[in-house]
S.K.: 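Following this message is one structure expressed as structure tokens.
Bear in mind that the values here come from a model prediction, so they are computed numbers and not experimental data. Atom set for the values below is all heavy atoms of this structure, side chains included, hydrogens, waters and symmetry mates excluded.
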Amino acid sequence: TVTNVREKLDEKGKISSIKCRICANGSRLDKSLYKNSSCPTIATESLMLLFADAAAHRREFKSVDIEGAYLECSMNEEVYMSFSGRVLVELLILYPNMKKYLHSGVLYVKLLKALYGLPMSGYLWYQKLKSVLISLNYEMSNKDDCVFINKRDPNKIKKAGIHGDDILVICDNIDLVNEECERIGSNFTNYKVSDHNNFKHLGMVISRNENRDIDINMSKYILDIVKEYNLDDVNKYPHDNKMFNKDSSNKVPENIRKNYHSIIYKLLFIAKRCRPDILLNVSYLSSYVNACTYTKCKYLIKLMQYLNNSMDRGLKFIGGNSVNLQIYADASFMAHSDLYGRTGIIVVASNSVIATKSSKQTLLAMSSTEAELISLYSAIRISTELRDKCASFSIECSKPVIFQDNRNIIAMLDKPKPYELSSKHVTLKYYAVHDACKNNEVEVQWCSTEDMLADIMTKPLMGDLF
């Protein structure tokens with residue numbers, strides 16, 4: 001067994017309860033023996049699409065938390081567990097009649113219910129929740145296994161997005177939301193329903209106003225990270241313009257590298273949800289989690305100081321706005337010290353960011369036009385995925401528009417054949433983009449560099465540009 005004790009906080013960051021959970025030490029099991037050991041969770045882009053749609057149509061939603069979710073599932077495998085030490089002492093105080101089952105001071109039990117820590121528990125829970133939703137006339141999306149839509153009554157919108165034991169229920173009005181939360185929750189032993197104007201969901205604080213705008217921030221999560229590492233200083237920018245320069249500093253000791261690794265993935269959790277302004281930094285620094293240097297640590301500290309100065313920032317979906325997808329695709333030519341470029345993409349719906357990408361290009365571009373073409377190809381793929389998700393989630397959306405600030409690309413797409421490109425791989429990407437435009441799947445429009453939102457994903461901007 002493994003015992004986990006932690007504080008549970010409310011929306012204001014105050015301790016609401018102390019949670020103690022006895023878990024199975026699943027690391028003792030041979031995971032190769034269990035074929036079904038994964039629990040799907042809703043993709044971040046899918047969740048943000050649901051928020052964008054809810055804001056656009058001023059729909060209501062609440063979060064349902066199924067308490068002790070895994071204990072709702074009967075085991076389908078034969079698994080035994082031992083109790084010893086302090087946990088056993090406390091268990092015998094509660095159940096003294098179990099003393100007769102002790103063997104050499106250890107209590108062995110056969111598990112009848114799924115426990116946290118077992119490799120199959122997540123899968124069993126997902127199947128249980130899925131069967132409940134289907135019995136309530138919900139249909140699973142074919143683009144995300146964790147998004148369910150009830151299409152039984154076309155005049156009543158009912159959607160659910162699931163992540164473990166947390167369920168986001170979205171309906172046209174608050175009465176319908178309450179009804180659906182009750183219908184879903186009543187299938188389980190214990191459940192809690194959130195408020196509809198201010199609540200926590202998957203580490204994010206969700207709040208709404210009279211216009212039914214949706215504000216999302218993770219300030220408490222950021223504050224906890226800052227406090228954990230005793231950071232008091234602040235910084236106006238998360239980087240300087242030398243961040244991509246060649247690094248000749250020494251590698252840090254292993255204990256520092258482990259801390260670096262831990263912080264990076266905590267910040268990635270934030271960046272992909274509601275802080276796109278730090279994704280460039282986190283994406284770049286994450287490339288060095290196994291070979292961290294003193295210079296990279298300096299930039300990580302700078303990034304955390306920036307967060308300390310801006311922890312209240314987040315996303316805002318505007319109520320009554322359009323869900324129509326606006327995709328900004330940009331590239332930085334020869335951005336890195338090895339002269340590879342960088343792709344940056346920002347997707348906007350309902351006046352807020354729903355998806356982002358910042359990554360080093362894997363093809364060596366021979367010109368800025370080629371670098372932009374590589375970025376545009378990535379944008380086409382993201383556009384196709386999000387357009388298909390909109391259709392699957394019953395979200396009305398017009399043809400996606402991709403904004404580009406390179407006029408050569410716009411001119412090239414109007415021609416039946418491209419200019420001379422450096423490799424067949426780049427040429428292939430051109431034809432993929434050209435065909436998507438020709439087939440009316442997307443529209444590519446020019447925008448000025450000043451209006452190119454994705455510029456922030458391609459290089460470390462400073463001053464007014466940032």
Side-chain angles (χ1 to χ4, degrees), residues 10-11 39-70 72 125-209 212-216 273 315 317 319 323 349-350 354 389-390 392-396:
D10 60 18
E11 292 79 9
C39 175
T41 56
I42 187 170
T44 303
E45 292 81 6
S46 299
L47 180 62
M48 293 303 167
L49 260 180
L50 292 178
F51 281 137
D53 184 51
H57 298 281
R58 295 192 171 96
R59 295 191 174 111
E60 300 295 337
F61 52 76
K62 287 186 175 184
S63 179
V64 180
D65 177 20
I66 310 299
E67 298 179 319
Y70 285 5
E72 299 283 344
W125 164 246
Y126 172 76
Q127 293 299 323
K128 170 81 172 182
L129 180 55
K130 176 183 173 181
S131 66
V132 166
L133 291 172
I134 290 175
S135 72
L136 297 174
N137 300 317
Y138 283 84
E139 298 176 14
M140 186 181 74
S141 162
N142 62 352
K143 293 300 177 182
D144 192 316
D145 289 351
C146 292
V147 176
F148 291 78
I149 302 98
N150 190 327
K151 301 178 181 179
R152 180 60 63 91
D153 185 346
N155 297 317
K156 293 181 179 179
I157 297 296
K158 299 177 184 178
K159 301 178 184 181
I162 64 176
H163 189 290
D165 55 7
D166 293 306
I167 310 164
L168 186 72
V169 179
I170 305 171
C171 301
D172 282 331
N173 56 68
I174 193 61
D175 291 335
L176 199 53
V177 170
N178 291 333
E179 179 185 318
E180 286 303 293
C181 290
E182 170 66 23
R183 284 211 314 148
I184 295 171
S186 62
N187 288 274
F188 306 102
T189 306
N190 294 302
Y191 68 97
K192 291 192 302 185
V193 180
S194 72
D195 181 53
H196 72 294
N197 281 327
N198 192 289
F199 63 92
K200 285 184 68 175
H201 187 70
L202 308 182
M204 301 175 287
V205 175
I206 316 295
S207 57
R208 307 194 73 176
N209 56 22
R212 309 321 285 157
D213 301 338
I214 301 174
D215 286 288
I216 302 176
R273 280 158 179 78
L315 301 181
F317 294 92
V323 183
S350 292
I354 64 166
K389 282 188 174 184
C390 283
S392 180
F393 300 171
S394 297
I395 297 175
E396 295 180 1

S.K.: Would you name the heavy atoms of Ala52 and Val323 that are closest together and state the gap between them?
M.R.: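 Here Ala52 and Val323 meet closest at O-CG2, 3.9 Å.
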S.K.: Going by side chain to side chain contact (heavy atoms under 4.5 Å, CB included), Leu202 matches just one of Asp166, Thr44, Leu168. Which one?
M.R.: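 When Asp166, Thr44, Leu168 are each tested with Leu202, the side chain to side chain contact (heavy atoms under 4.5 Å, CB included) holds only for Asp166.
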S.K.: Any idea which heavy atoms bring Ile395 and Leu49 closest together, and the distance?
M.R.: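 Reported closest heavy-atom pair: CD1-O, 3.8 Å.
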S.K.: Say you draw a straight line from NE2 of His201 to OG of Ser63; how long is it, rounded to the nearest 0.5 Å?
M.R.: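 Answer for the NE2-OG pair, His201 versus Ser63, is 5.0 Å.
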S.K.: How many angstroms lie between NZ in Lys62 and CG in Asn197, if you round to the nearest 0.5 Å?
M.R.: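 Answer rounded to 0.5 Å: 9.5 Å.
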S.K.: Ignoring hydrogens and geometry, is there a side-chain-to-backbone donor-acceptor pair from Arg183 to Leu136 under 3.5 Å?
M.R.: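 It does hold such a pair.
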S.K.: Side chain to side chain donor-acceptor pair (under 3.5 Å) for Ser392 and Ser141? Distances and angles first, verdict last.
M.R.: CA-CA 6 Å; Ser392 180; Ser141 162; 2.5 Å; yes
S.K.: Under 3.5 Å, side chain of Asp65 to main-chain N/O of Lys192, donor-acceptor pair present?
M.R.: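 Between the backbone of Lys192 and the side chain of Asp65 there is no qualifying donor-acceptor contact (under 3.5 Å).
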S.K.: Looking at every non-hydrogen atom in both residues, tell me the closest pair between Phe393 and Lys159 and how far apart they are.
M.R.: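 Shortest heavy-atom contact: O-NZ, 2.8 Å.
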S.K.: If you look at every heavy atom in Val64 and Val169, which pair is closest and at what distance?
M.R.: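 In terms of heavy atoms, the two residues are closest at CG2-CG2, 4.0 Å.
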S.K.: Do the side chains of Val193 and Glu182 get nearer than 4.5 Å, heavy atoms only?
M.R.: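 With C-beta onward as the side chain, the pair stays apart.
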S.K.: Got a second to check how far Asn187's CG is from Ser135's OG, nearest 0.5 Å?
M.R.: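 Nearest 0.5 Å value for the CG-OG distance: 5.5 Å.
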S.K.: So which pairs with a foot in residues 128-179 pass ring pair (Phe, Tyr, Trp, His ring centres under 6.0 Å), sequence neighbours left out?
M.R.: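 As it turns out, there is no ring pair (Phe, Tyr, Trp, His ring centres under 6.0 Å) pair with a partner in residues 128-179 once direct neighbours are skipped.
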S.K.: For Thr189, give me all partners under side chain to side chain donor-acceptor pair (under 3.5 Å), at least two apart in sequence or on another chain.
M.R.: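 Once residues adjacent in sequence are excluded, the partners of Thr189 under the side chain to side chain donor-acceptor pair (under 3.5 Å) criterion are Glu72.
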S.K.: For the CD atom on Glu396, are there more than 12 heavy atoms of other groups (residues, nucleotides or ligands in this structure) within a distance under 6.0 Å?
M.R.: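 For Glu396, atom CD is not crowded (no more than 12 foreign heavy atoms under 6.0 Å).
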S.K.: Taking the side chain as every heavy atom from C-beta outward, state whether Lys158 and Leu176 have any atom pair closer than 4.5 Å.
M.R.: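 Contact flag for Lys158/Leu176 side chains = yes.
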S.K.: Evaluate the side-chain proximity of Met48 to Leu315: yes if any heavy-atom separation is below 4.5 Å, no if none is.
M.R.: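 Result yes, sub-4.5 Å side-chain heavy-atom pair found.
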S.K.: Measuring from atom CD1 of Ile170 to atom CG of Asn150, what distance do you get when rounded to the nearest 0.5 angstrom?
M.R.: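 Rounded to the nearest 0.5 Å, the CD1-CG separation comes to 13.0 Å.
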S.K.: Out of Arg59, His57, Arg58, which one pairs with Asp172 under the side-chain hydrogen bond (donor to acceptor under 3.5 Å, both in side chains) rule?
M.R.: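 It is Arg59; the other options fail the test.
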S.K.: Can you name the salt bridge (Lys or Arg N to Asp or Glu O under 4.0 Å) partners of Glu60, sequence neighbours left out?
M.R.: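 Testing Glu60 for salt bridge (Lys or Arg N to Asp or Glu O under 4.0 Å), a comparison that skips the adjacent residues, returns Arg208, Arg212.
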S.K.: Can you tell if the side chain of Ile162 reaches within under 4.5 Å of the side chain of Tyr126, non-hydrogen atoms only?
M.R.: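 Side-chain contact under 4.5 Å: yes.
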S.K.: Taking only residues two or more places apart in sequence, or in another chain, which ones meet Phe51 in a ring-ring contact (aromatic ring centres under 6.0 Å, His included)?
M.R.: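 So Phe51 forms a ring-ring contact (aromatic ring centres under 6.0 Å, His included) with Phe61.
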S.K.: Can any side-chain N or O of Asp144 pair as donor or acceptor with the backbone N or O of Ala43 at less than 3.5 Å?
M.R.: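 Pair found, side chain donor or acceptor close to backbone of Ala43.
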S.K.: Counting N and O atoms only, with roles assigned by atom type, does the side chain of Asn209 sit under 3.5 Å from a partner on the main chain of Asp213, one being a donor and the other an acceptor?
M.R.: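 Side chain of Asn209 to backbone of Asp213, a donor-acceptor pair under 3.5 Å: yes, one is there.
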S.K.: Residues in ring-ring contact (aromatic ring centres under 6.0 Å, His included) with Phe188, at least two apart?
M.R.: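 Counting only residues at least two positions away or on another chain, Phe188 forms a ring-ring contact (aromatic ring centres under 6.0 Å, His included) with Trp125.
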S.K.: Is Ser394 close to Lys151 at the side-chain level, that is, under 4.5 Å between some pair of heavy atoms?
M.R.: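 SC-SC contact between Lys151 and Ser394 confirmed.
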S.K.: Checking Lys156 now: which residues fulfil salt bridge (Lys or Arg N to Asp or Glu O under 4.0 Å) with it, not counting sequence neighbours?
M.R.: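 Checked Lys156 against salt bridge (Lys or Arg N to Asp or Glu O under 4.0 Å); zero matches.
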S.K.: Sort out for me which residue in Val132, Ile184, Ile42 forms a side chain to side chain contact (heavy atoms under 4.5 Å, CB included) with Ile167.
M.R.: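 Result: among Val132, Ile184, Ile42, Ile184 is the only option passing the side chain to side chain contact (heavy atoms under 4.5 Å, CB included) with Ile167.
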